[in-house]
Every structure is written in structure tokens, then in C-alpha cells.
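Everything on this sheet refers to the single structure shown next.
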There are 2 protein chains.
Amino acid sequence: MSSAKQNHAILSERLKSCDVRPTPQREVVLKVILGKRDHPTADEIFARVKSSMPTISLATVYNCLDTLVQCGLIRQVNLERAPTRYCPNLDQHAHFHDEATGEIHDVHLPEDLMIRLKEVLPAGFDARSIDLTFRGKAAPTLTHGTN
Amino acid sequence: MSSAKQNHAILSERLKSCDVRPTPQREVVLKVILGKRDHPTADEIFARVKSSMPTISLATVYNCLDTLVQCGLIRQVNLERAPTRYCPNLDQHAHFHDEATGEIHDVHLPEDLMIRLKEVLPAGFDARSIDLTFRGKAAPTLTHGTN
DNA sequence: TTCTTATTTGGAATAATTCTAATTCCTACT
DNA sequence: AGTAGGAATTAGAATTATTCCAAATAAGAA
């Protein structure tokens with residue numbers, strides 16, 4: 001079995017396990033996002049996807065993204081007043097938004113902190129997800145985390 | 001001195017302390033946001049402001065909001081793919097976004113947790129602000145926090 | 001295969017925000 | 001008080017991200 005075929009099988013399996021139809025469009029959108037550890041916008045994803053599937057439409061990219069987020073196969077990140085970005089990293093992590101460069105860095109969150117975070121919620125609040133975003137500036141010289 | 005005048009003086013003082021001109025528009029926008037502990041959108045703020053200053057323009061509301069956020073007199077909250085909301089509560093707190101009702105509740109964050117949060121950042125990362133948003137559902141019967 | 005239903009498509013529509021250029025308003029300095 | 005000069009405001013146009021729509025297509029079950 002070729003590597004490409006195997007890849008397809010893996011992606012297809014992932015989609016099926018979420019009870020969604022493993023269409024070629026969904027697979028290629030997912031593949032593109034997982035293929036790079038950055039935080040692309042819908043437009044950027046559209047551009048990347050078009051090189052392997054030139055006929056795909058932007059509406060489909062949006063549809064696929066919605067589906068993938070629903071499934072929990074990717075995450076959604078919102079910066080203030082900027083187009084939504086998507087994140088392939090499903091490990092528990094926070095985002096650091098470098099205000100000087102606009103870059104987003106993933107920051108690992110230890111398990112005990114996650115537990116501590118959930119403890120601050122009053123009784124009756126049931127959190128399905130937690131978004132933690134830092135804003136500020138990062139030291140320019142060192143290379144930290146992913147962008 | 002009348003209460004209204006005193007109010008004006010206080011608002012004006014707050015603005016001056018941020019090195020911005022205390023214009024009537026900025027004062028009324030700030031007053032409207034501080035007057036209610038909710039999370040209005042720019043459009044909602046525009047509507048509220050118009051009742052006391054009918055000639056104000058939406059562009060000015062946006063300008064004022066930008067200025068006030070810059071000054072740190074109000075905060076900005078972004079829900080996924082929804083218009084930006086503004087928050088009068090400057091105490092350290094998180095937001096709980098009730099996915100069923102769309103309501104936003106403030107959640108108090110203890111000081112030690114804030115310290116713990118900043119500790120997860122690698123050396124060289126300097127966080128100016130921290131945004132923590134929970135998403136999920138809240139028990140409907142009880143009345144928790146502010147919306 | 002054929003049926004049923006979900007998905008895709010392109011283009012139009014919507015909605016939040018920003019831009020622009022003209023006007024008006026503060027504030028500091030005489 | 002009067003005025004110069006920069007900052008803020010205004011209305012409306014422009015931009016841009018996202019969603020809607022109705023028709024065409026494709027996937028999975030029988």
C-alpha cells in the first residue's frame with residue numbers, strides 16, 4: 001500500500017469515527033491543516049487546498065472547517081478582530097499571541113493546572129472547552145514552541 | 001455640585017489619566033459601558049449611547065472603544081465568529097460562555113491562580129494580558145455571577 | 001443499480017469593522 | 001478672550017469574513 005493511500009485511509013478513518021462522511025474535500029482540508037503546525041485562516045487553508053484540489057470552493061472549506069471543529073479534529077482560535085484561525089494541535093495548550101509580530105505560539109499546559117482551572121467554576125457550570133490566550137511580546141532572538 | 005456634573009468630572013478624570021482627550025463622546029461611551037455589568041456589542045453600545053447623544057456616529061463609537069481598550073478602561077471579549085463584546089469589569093476574571101443561551105458570565109479568578117498561569121510561560125514570554133474563556137452550559141435554574 | 005440524503009458549488013447576501021476626506025472640536029499659547 | 005494646530009468626529013463608502021441559497025453532485029444503503 002502506497003504512503004498516499006495509507007494516509008487517505010487514516011484520514012478517512014478519523015472522519016468516520018466522528019460519524020461524518022469521509023468526503024475527499026474533508027480529507028484534504030484536514031490533511032492540509034494537520035500537515036503544518038501553524039494557525040492558518042480559512043483563506044490560507046483555501047489557498048493550500050486548491051493546489052491539490054483546484055475545484056474546491058471557499059464555501060466548502062468553511063463547511064469542512066465547521067465539521068472538523070464539531071468533531072474535535074481541529075480547534076478554532078480567535079484573535080481580537082482578526083479572521084478565525086485553526087489549530088491542528090489537540091494537546092491541551094494555551095496560545096501566546098505576540099502582539100509585535102502577530103505570531104501565535106503554543107504553550108503547553110500541565111495537567112494539574114487544567115484541573116485547577118476547572119475548579120474555579122462555580123457549581124452548575126459545566127465547561128466543555130477552555131480557551132486560554134496570552135497577549136504580549138516574546139523575546140525575539142530565541143526560538144520558542146510552534147507558531 | 002450635581003451628581004451628573006460629578007459623574008462627568010470622574011469620567012473626564014479617568015480619561016485624562018490615560019493621556020487621552022476627555023471628549024463628550026468618549027465620556028458617554030465609557031459611561032454607558034460602566035453603567036451596566038453586561039457584555040454589549042459595538043452596535044448595542046451605539047444604540048444605548050444614541051439615547052443621550054443622538055448625533056454620535058457608529059464610527060465614533062468604534063474609535064472610542066478602541067481608545068478605551070488601549071487605555072485599559074474596558075476589556076474586549078471575543079466569542080467565536082461573533083461580534084466583539086466589551087466588558088466593564090476590570091477585576092481579574094474569566095468568562096463563561098453558555099453555549100445554550102449565548103450568555104456570558106464573569107467568573108472570579110483567585111490571585112494564586114493568576115500567578116500560576118503566568119508561570120506556564122517559557123522564559124522570554126512577557127504577557128500583558130490573559131484571556132480565559134470557558135465554553136459549556138450552565139445550570140439554568142440558579143442565578144450565577146453577571147451575564 | 002437505484003434511491004435517499006448529505007454534501008458541494010458559485011455567487012449573491014449579510015454583517016462587522018475600517019477607511020476616507022471634510023468638518024468640528026480641544027487645548028495651549030498669546 | 002482669540003487663534004493656531006493637531007486631534008477627534010462624522011457620514012457614507014469600502015472592505016472583508018462569513019453565511020446563505022438553490023441547483024448539481026456524490027456517497028452509502030438496499
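The chains referred to below are lettered A, B, ... by the order of the sequence lines, with proteins before strands, and numbering in each begins at 1.
Within the 4.5 Å cutoff, side-chain heavy atoms of Asn89(A) are placed close to those of Arg37(A). The side-chain heavy atoms of Ile104(B) and Thr133(B), taken from C-beta on, include no pair separated by under 4.5 Å. Looking at Val120(B) and His108(A), their side chains never come closer than 4.5 Å, going by heavy atoms from C-beta outward. Contact of the Val107(B) side chain with the Leu121(A) side chain is registered, since non-hydrogen atoms from C-beta on lie closer than 4.5 Å. Taking the side chain as every heavy atom from C-beta outward, Arg135(B) and Leu79(B) approach each other to under 4.5 Å. For the pair Pro83(B) and Asp43(B), the minimum side-chain heavy-atom distance is 4.5 Å or more. When side chains are defined from C-beta on, Leu68(A) does not count as touching Tyr86(A), because their heavy atoms never get closer than 4.5 Å.
Between the P atom of dT17(C) and the CD atom of Glu44(B) lies a distance of 11 Å, rounded to the nearest Å. Computed from coordinates, the His8(B) NE2 to dC26(C) P distance equals 10 Å when rounded to whole Å. Rounded to whole Å, the distance from CE on Met53(B) to P on dA11(D) is 12 Å. Straight-line distance from the CG atom of Leu30(B) to the P atom of dA8(D): 16 Å, rounded to whole Å. With rounding to whole Å, Arg26(B) atom CZ is found 15 Å from dC25(C) atom P. Rounded to an integer number of Å, the gap from CG of Asp19(B) to P of dT27(C) is 12 Å. Rounded to an integer number of Å, the gap from Leu65(A) CG to dT8(C) C1' is 14 Å. We find that NZ of Lys50(B) is positioned 10 Å from P of dA11(D), with the value rounded to whole Å.
Terminal axes of the helix from dT1(C)-dA30(D) to dT30(C)-dA1(D) (five pairs each, C1' rotation axis) are separated by 40°, to the nearest 10°.
One finds no side-chain N or O of Gln25(B) lying less than 4.0 angstrom from the OP1 or OP2 phosphate oxygen of dC25(C). Taking side-chain N and O atoms only, Thr60(B) has a distance below 4.0 Å to OP1 or OP2 of dT10(D).
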Cut-off 3.5 Å, no hydrogens considered: what does the side-chain donor-acceptor table look like for residues 93-101 of chain B, sequence neighbours left out?
from      : atom 1 : to        : atom 2 : distance (Å)
His93(B)  : ND1    : Arg75(B)  : NH1    : 3.4
His93(B)  : ND1    : Asp91(B)  : O      : 2.6
His93(B)  : NE2    : His95(B)  : NE2    : 3.2
His95(B)  : NE2    : His39(B)  : NE2    : 3.2
His95(B)  : NE2    : Asp106(B) : OD1    : 3.4
Asp98(B)  : OD1    : Ala100(B) : N      : 2.9
Asp98(B)  : OD1    : Thr101(B) : N      : 3.4
Glu99(B)  : OE1    : Arg128(A) : NE     : 3.0
Glu99(B)  : OE1    : Arg128(A) : NH2    : 3.4
Glu99(B)  : OE2    : Arg128(A) : NH2    : 2.5
Thr101(B) : OG1    : Glu103(B) : N      : 3.1
Thr101(B) : OG1    : Glu103(B) : OE1    : 3.4

Show me the donor-acceptor pairs within less than 3.5 Å that the side chains of residues 24-34 of chain A make with the rest of the protein, sequence neighbours left out.
from     : atom 1 : to       : atom 2 : distance (Å)
Arg26(A) : NH1    : Arg21(A) : O      : 3.0
Glu27(A) : OE1    : His8(A)  : ND1    : 2.5

List the atom pairs, with distances to 0.1 Å, where a side-chain N or O of residues 110-117 of chain A and a protein N or O form a donor-acceptor pair under 3.5 Å, not counting sequence neighbours.
from      : atom 1 : to        : atom 2 : distance (Å)
Asp112(A) : OD1    : Arg116(B) : NH2    : 3.4
Asp112(A) : OD2    : Arg116(B) : NH2    : 2.7
Arg116(A) : NH2    : Asp112(B) : OD1    : 3.4
Arg116(A) : NH2    : Asp112(B) : OD2    : 2.8

Would you list the protein and nucleotides 13-15 of chain D atom pairs, both N or O, that sit under 3.5 Å from each other?
none

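The environment of CD in Gln70(B) is sparse: at most 12 heavy-atom neighbours from other residues, nucleotides or ligands sit within 6.0 Å.
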Each nucleotide in nucleotides 18-30 of chain D should get exactly one letter: B, S or -. Can you fill that in based on protein heavy atoms under 4.0 Å? BBB------BS--
